[in-house]
Amino acid sequence: MTDPQLILTERVQQALAAAFGTDYADADPLIRPSQFADYQANVAMSLSKRLRRAPREVAQKIADRLSGRAEGAQGDAFPGTVEVSGPGFLNITLSDDWIAEQTAEIMADPRSGVAQTTPPQTIVIDYSAPNAAKEMHVGHLRTTIVGDALARVHEHLGNKVIRQNHLGDWGTPFGMLIEHLLDIGEATAVAQLEAGEGNAYYQAARAKFDSDPEFNQRARTRVVTLQAEEPETMRLWHIFMDATVRYFNKVYSQLGVTLTDDDIAGESMYNHMLARVCDELQERGVAVVSDGALCIFPPGFTGREDQPLPFMIRKSDGGYGYATTDMATIHYRVQDLKVDRILYVIGATQALHMSMLFASARMAGWLPDHVRAEHVQIGSVLGSDGKMFKTRSGESIKLLDLLDEAETRAAAVLAGRDYDDAARAEIGHAVGMGAVKYADLSVSHDSEYVFDFDRMLALTGNTGPYLQYATARIRSIFRKAGMAPATATGPILLGHPAERALALQVLGFGSVVNEVAEGSAPHKLAAYLFETASIFTTFYENCPVLKDDVDPATRASRLALCALTLRVLETGLDLLGVPVPERM
Ligand code: ARG
């Protein structure tokens, strides 16, 4: 553990226990960075009522314990100074030596202070999940990007991550989709689907379904043979799905997302389990027939006039739905995959479905208490008009076109710089994808945001390109110095306040990564990286590194701080899935 804030939290808790008894050992010391010292702890104020003592008196007792002045005090010497100020604040200043020591430790640690989770957990991350019968839209882009960042973070922490792409690849629409494929011919259908024209394809099939009775009848018959997994129907279904997945894969590969075909676990995979799911739940009395449909009524869910809300797992016509598949899925994940935790990275609009699913699964005993199931709610992506993001003509936007546009615009931002065409395309790709991904990741996953190319591509502010540029700038320092960053190892000397601030910041990296994993909150890592880059800028403006009048020891220390900052920024961006171009 290197995070000063966590170390101080532990120390203050020990002091609390020693001064006031073990009842107080769990109190949150409320340690925050401060402008008057390195940190300030506000715990004396929050505890004074409970202790029936004046806050300043409480603060003084803690300070005495911490600094070893109390009678019988023992333990490690406090690595700094503590002062009581104002109504009872504890101002904590760490010693330069201690900070330098911790910094040397994290520099020598190949994991830069990010500890592995022990024991490792098995975690299913359900993300991306576009529907084959419709076009993949920007909402899916966001669940893909956020889910992928969470997968990377958990893997880095040593957890076993099982990515599951819960494709919408089954159900009644597939009857008409397959018949349409026969009508227009396999080759034409495949070409259209591979090109990402899924929407047009769906609309053409739908139009015939609504207007042509003969087609309508064929489509219905096809649903029956599909449900029965009749071989010829399955062959056609595979042709349709394979072409569709090839389009999804183009999007994934352009984005640099880690999903592969092995991660596909679509709705179709659970088809053969659905009848048993319903039977078992009905036999055990978890599900009951209501108006002809088989429903679970999980406690605590009511609709209009306080009527209990049904979670319907079999319709009155005998058909299964989204809820049935999700019950089968959760059972499979818990029983077969033996997960400790499941993250559902899905649109916020599905919040009710998700909470009813979890409640129903708990009721059925399929989701034991020791398994955490969470809906990582994804907020909507809006256009500049504040409505769902669409093209000017009102159609939904084809994702590949959107990604291409990001790259073209990124290359334009880099105009005027002296690169050949190949380098410009490569940097444009990294900057364009970095901008789009970072825009999704830098706001909290459940809030809406406006998709705005100009803002996400800006070279200043909390953007992907700003952070990419920050790493490129540090790398150029090393090019000028004629050395590799890895060879800059210090020792660290902390004379200037900007050096201290930078060292304290990088020491916090590990705990931020943990927080991201714990709370499924990639935006916290984004905020941390942005802050790190800003603190680095202050450092670089105040502390010359390569100037002639900098003495060799100071220069070595500052180069080490540059190298460590670079490592933290690069590792952090990699965990977010944001590519880092070598130069910019
Ligand atoms: N295909 C769904 C959609 O586009 C998302 C599926 C998410 N996963 C799940 N297990 N329900 O909204």
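Just the heavy atoms: all of them, side chains too, but no hydrogens, waters or symmetry mates, feed the values below. When a ligand or atom number is given, it counts from 1 through the structure's own listing order. Nothing fancy with the numbering, it's 1 onward along the sequence.
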Exercise. What residue and heavy atom of the protein are closest to atom 1 (N) of ligand 1, and at what distance?
Worked result: N131 OD1, 2.7 Å
For this session: Establish, yes or no, whether a centroid distance under 6.0 Å links the rings of F240 and F174.
Result: yes
Exercise. Is the shortest distance from a Lys or Arg side-chain nitrogen in E194 or K250 to a carboxylate oxygen in the other one below 4.0 Å?
Worked result: no
Exercise. What part of L167, side chain, backbone, both or neither, has a heavy atom within less than 4.0 angstrom of ligand 1?
Worked result: neither
Exercise. Any idea which atoms of ligand 1 are less than 4.0 Å away from a heavy-atom of A129?
Worked result: 1 (N), 2 (C), 3 (C), 4 (O), 5 (C), 6 (C), 7 (C)
Problem set entry | Atoms in ligand 1 flagged as close to Y344, the criterion being non-hydrogen separation under 4.0 Å | 10 (N)
Seminar exercise, completed: ligand 1 atoms nearer than 4.0 angstrom to some heavy atom of D326 are 9 (C), 10 (N), 11 (N)
Exercise. Quick one: do the H156 and D574 side chains pair a donor with an acceptor below 3.5 Å?
Worked result: no
Exercise. Taking the inter-plane angle between the rings of F209 and F215 on a 0 to 90° scale, is it parallel (under 30°), tilted (30 to 60°) or perpendicular (over 60°)?
Worked result: perpendicular
For this session: Identify the protein heavy atom lying closest to atom 12 (O) of ligand 1, giving its residue, its atom name and the separation to 0.1 Å.
Result: Q350 NE2, 2.8 Å
Exercise. Going by distance alone, is a donor N or O of one side chain under 3.5 Å from an acceptor N or O of the other, for Y252 and N165?
Worked result: yes
For this session: For D126, take its heavy atoms, then give the atoms of ligand 1 lying under 4.0 Å from any of them.
Result: 7 (C), 8 (N), 9 (C), 10 (N)
For this session: Fit a plane to each ring of Y344 and F358, take the angle between them on a 0 to 90° scale, and name the class: parallel (under 30°), tilted (30 to 60°) or perpendicular (over 60°).
Result: tilted
Problem set entry | Exercise: do Y320 and N271 side chains pair donor with acceptor under 3.5 Å | no
For this session: Give a yes or no on whether a salt bridge exists between E155 and R152, defined as a side-chain N under 4.0 angstrom from a carboxylate O.
Result: no
Exercise. Looking at atom 7 (C) of ligand 1, what's its closest protein heavy atom, distance included?
Worked result: I346 CD1, 3.3 Å
For this session: May I ask whether H140 places a heavy atom under 4.0 Å from ligand 1?
Result: yes
Problem set entry | Any N or O of H353 closer than 3.5 Å to N or O of ligand 1 | no
For this session: Run the contact test for E267 against ligand 1 with a 4.0 Å cut-off on heavy atoms, strictly below, and give the result.
Result: no
Seminar exercise, completed: atom 6 (C) of ligand 1 sits nearest the protein heavy atom Y322 OH, 3.2 Å
